[in-house]
Amino acid sequence: MADQSSSTNPAAAPVRSARPMSEALLNEKWDHCLSTLLIRSTIGAGFGVIFSVLLFKRRAFPVWAGLGFGAGRAWEECDSSFKRASAPSRDGLRVLRS
Amino acid sequence: MLRLAVARSARGAGQGFTGAARGQWTSQWLQQPIRRTLADARAPDKTILPGSQSATTAGVPQPPVMATATTNPTAAEIPPTQVPQTPPTPEEVGAVAKAATNTAANVAANAIASNIPPTGADKAGSEQSAPPPPPPKPRRRIRKFLTTLIVLSALGYGGGVYYSLISDNFHDFFTEYVPYGEDAVAYFEDREFRKRFPSKEYSAKTWPQTRGENKVTIPRSSGLTPRVAEEGDSKSKAPVATPKKAADVKLSAPATQEPKDVAKAAAPVKPIDHINVEQATEPAVQNLVKMVNNVITAINASPESARFQPVVENLKGDLSNAISAIGSLKEQHIHDAETQIQNAHSEFDEAAKELVRRLESQMREQEAHWREEYEKERQTLSEGYRQRLSAELEAAEKVFESKRKNALLQQEISLQKQYMDTVKAKVEEERSGRLSKLDELSSSVSELERLTSEWNSVVDATLQTQHLQIAVEAVKAKVLQSEYPTPFLNELVALKEVSGDDEVVNAAIASINPLAYQRGISSAAHLIDRFRRVASEVRKASLLPEDAGVASHAASAVLSRFMFQKRSDRGFPEGDDVEATLARTEVLLEEGDLDAAAREMNGLKGWANVLSRDWVSECRRVLEVKQAVDVIATEARLKSLLVD
């Protein structure tokens with residue numbers, strides 16, 4: 001049984017990777033959101049650091065501001081992705097307009 | 001900001017630099033008001049001498065005379081070199097001023113003007129009075145401008161006309177854009193054309209010369225001219241000529257007439273009779289008689305008619321003699337002529353006879369010749385006609401023969417057909433009489449064959465149904481009794497082959513999702529296991545509102561953990577919420593009712609539906625396969641029942 005399951009799984013694996021199973025949809029979105037939050041806030045904070053060094057005499061507030069910008073962007077993106085996904089997706093469907 | 005920061009940081013580095021910079025800034029700041037800008041008001045009490053200003057602007061150094069001139073009026077001493085020997089007249093000054101267009105000349109004029117002893121007390125007054133009165137100047141300037149403008153425009157116009165005669169391109173431009181340019185250019189072109197082609201040729205050109213011959217010019221005086229006929233002239237000329245002749249005739253015989261006149265004059269008493277000649281038919285004689293009569297009347301009229309009487313008598317006698325001689329001569333001549341005419345007649349008659357004879361002989365020859373030719377021609381024509389006739393006769397005979405042959409052949413063919421028909425009829429009769437028993441035999445044999453084939457088909461059908469049932473059993477075993485999803489493509493193919501063209505089986509196989517038989521379907525235990533996972537996820541999303549964002553998702557995920565789960569062991573839960581649905585589905589699954597469980601889960605809404613979609617579709621696939629297999633099994637059973 002173990003042999004057979006291992007033989008059948010490789011065939012099924014690529015399909016699952018291409019489209020997530022429906023019960024894993026939310027979790028996937030959460031993962032994506034977290035990673036986006038991390039990346040964007042890091043980028044924002046980096047810009048804040050650069051600005052604080054260049055213009056603001058190494059004060060702390062530009063860093064926080066940049067972090068906030070990045071996190072805000074990530075939040076917005078995540079929010080929109082959640083909202084979009086609640087409606088049934090129309091990928092691969094043809095829309096007939098009369 | 002950056003600059004500020006830099007400045008602030010640089011403060012610590014060196015105070016000297018900033019100090020220097022500040023000093024520079026302040027010095028610049030101080031220097032700035034010296035330069036007059038547009039915003040600054042002009043000093044009101046600045047007087048500018050016209051000459052000096054123009055000299056400075058032109059870059060010409062101010063002459064030293066100017067300085068002396070400004071201070072001159074009060075100073076008594078003037079250098080001897082600058083003192084003018086004779087004071088310049090106002091016209092000269094004006095001329096100089098007119099000529100002075102450039103600044104250098106202007107300066108010179110100023111110098112001259114300033115050298116004049118001042119008339120007024122004010123130096124500005126002297127400056128203003130020095131140049132000639134300004135009013136004529138602008139007018140002349142305007143006039144000069146106008147003249148130059150006119151001259152230039154005329155030159156340009158003329159040049160344009162000339163160039164447009166040369167260049168076609170410019171001609172187009174000029175005639176299109178310059179007013180009256182077209183007329184001017186056309187005038188010049190016309191003149192040139194006239195010069196090249198004189199007017200005569202030009203007028204002759206209006207009738208185009210179609211052929212190459214030279215034109216003939218007919219002079220004006222040629223042809224007919226009407227004129228009044230001069231009748232009187234021609235009439236008057238003829239009478240003039242006749243008297244002259246008469247005079248000549250009279251003058252030719254003066255010697256004879258002189259004595260006659262004398263004689264006639266001598267006999268006045270007895271008038272001389274006029275001569276009367278009987279042969280007055282000749283016109284010459286008549287004339288002569290008339291003349292003599294005239295002479296006689298003239299003599300009779302004269303006083304000396306008696307003297308001339310004998311002469312006249314002589315004359316008369318001579319005349320009659322002469323007339324008789326003329327008559328005889330005439331007769332003789334007539335006679336001669338008649339004889340000659342008779343001779344000529346006879347000659348002509350002979351010649352005519354000869355001619356007629358010759359012509360007749362010729363005609364006879366001709367006739368004979370023509371007759372021969374006619375005979376020949378007739379013979380040839382008759383030969384030709386005879387030949388043609390014979391040829392046509394032959395052709396007609398041939399056609400007739402061929403027709404006859406054809407008719408014979410047709411008759412022969414119809415006869416043969418009739419013979420064949422009769423033979424066939426005879427043979428058929430024979431066969432139906434003797435070979436009818438063979439037909440009966442063959443029909444019984446074919447009946448036997450049919451029976452055996454029917455039995456064969458029955459056997460085949462039973463075999464087929466058996467195969468079908470075996471195949472269905474194989475599919476069932478593969479699909480429903482397996483613990484894990486296994487593809488059953490081969491079994492389905494076998495089933496399809498075994499079923500042949502059974503529509504029900506084909507439709508059932510077609511209703512199965514390809515994914516199902518390619519990847520297999522999951523078993524009930526697998527489905528229940530997966531349902532547990534799906535249920536936990538759905539429960540997390542059970543509190544979500546419509547169109548939820550991040551915050552509501554997070555809140556739902558957190559708060560759903562504190563919710564009480566509806567337990568299915570206390571009975572069938574009622575309600576429309578997610579918890580109740582999940583509990584009902586679980587109960588149904590445990591009971592084994594997959595269809596109802598899928599229906600329940602399909603009734604979820606929003607995110608719960610999205611999350612459970614895959615599970616529901618898997619359930620549906622399983623149900624489809626099960627239904628198809630049931631249908632095929634029923635069909636197989638039906639077939640096995642139908643066989644007997």
Side-chain angles (χ1 to χ4, degrees), chain A residues 1-16 18-37 40 50-59 62 71-91 93, chain B residues 1-6 8-9 482-487 515 518-523 526 529-542 544-558 560 582 601 604-619:
Chain A
M1 180 181 161
D3 264 339
Q4 277 164 338
S5 71
S6 69
S7 67
T8 52
N9 273 348
V15 179
R16 270 175 201 168
R19 203 174 71 86
M21 293 198 324
S22 68
E23 61 260 29
L25 250 174
L26 265 182
N27 296 340
E28 192 141 305
K29 274 193 195 306
W30 274 117
D31 291 351
H32 193 251
C33 280
L34 286 179
S35 73
T36 314
L37 179 71
R40 298 226 187 274
I50 290 166
F51 271 91
S52 84
V53 166
L54 282 180
L55 302 175
F56 301 106
K57 301 194 302 169
R58 297 185 189 174
R59 290 192 187 167
R73 275 201 65 192
W75 177 279
E76 191 55 40
E77 205 176 316
C78 202
D79 205 40
S80 73
S81 85
F82 272 123
K83 277 177 184 172
R84 228 179 326 116
S86 77
S89 82
R90 292 192 165 172
D91 295 341
L93 292 180
Chain B
M1 287 293 233
L2 250 176
R3 195 183 290 165
L4 256 177
V6 166
R8 218 179 280 160
S9 63
S482 64
E483 290 291 320
Y484 43 87
T486 37
L515 262 177
Q518 274 166 12
R519 212 180 292 157
I521 54 170
S522 37
S523 61
H526 193 92
D529 185 40
R530 194 171 172 190
F531 171 74
R532 296 243 162 81
R533 264 184 284 148
V534 170
S536 72
E537 291 297 325
V538 169
R539 205 163 279 137
K540 264 190 219 168
S542 63
L544 284 174
E546 195 92 353
D547 212 16
V550 185
S552 44
H553 270 274
S556 167
V558 170
S560 62
L582 285 177
M601 283 301 269
L604 287 174
K605 275 165 194 152
W607 269 105
N609 188 19
V610 173
L611 292 177
S612 64
R613 200 178 287 155
D614 266 9
W615 184 82
V616 170
S617 66
E618 203 170 342
C619 280

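Chain A is the first sequence line, chain B the second, and so forth, proteins listed ahead of strands; every chain is numbered from 1.
- Counting heavy-atom pairs closer than 4.5 Å to chain A, the top residue among B/L544, B/V534, B/V538, B/V550 is B/V550.
- Of the two parts of A/W75, the backbone and the side chain both hold a non-hydrogen atom closer than 4.5 Å to a non-hydrogen atom of chain B.
- Between B/W607 and A/F82 the shortest heavy-atom distance is CZ2-O, 3.4 Å.
- In this structure, CG in A/L25 is found 11.0 Å from OG in B/S612, a value given to the nearest 0.5 Å.
- A distance of 11.5 Å separates CD in A/E23 from NZ in B/K540, rounded to the nearest 0.5 Å.
- Counting heavy-atom neighbours within 6.0 Å of B/R530 CZ, excluding the residue itself, gives a total above 12.
- To the nearest 0.5 Å, atoms CD (B/E537) and CG (A/N27) are separated by 4.0 Å.
- Looking at B/A557, there are no atoms closer than 4.5 Å to chain A (heavy atoms on both sides), in backbone or side chain.
- Here B/A551 is the residue among B/A551, B/S617, B/A541 with the most heavy-atom pairs under 4.5 Å with chain A.
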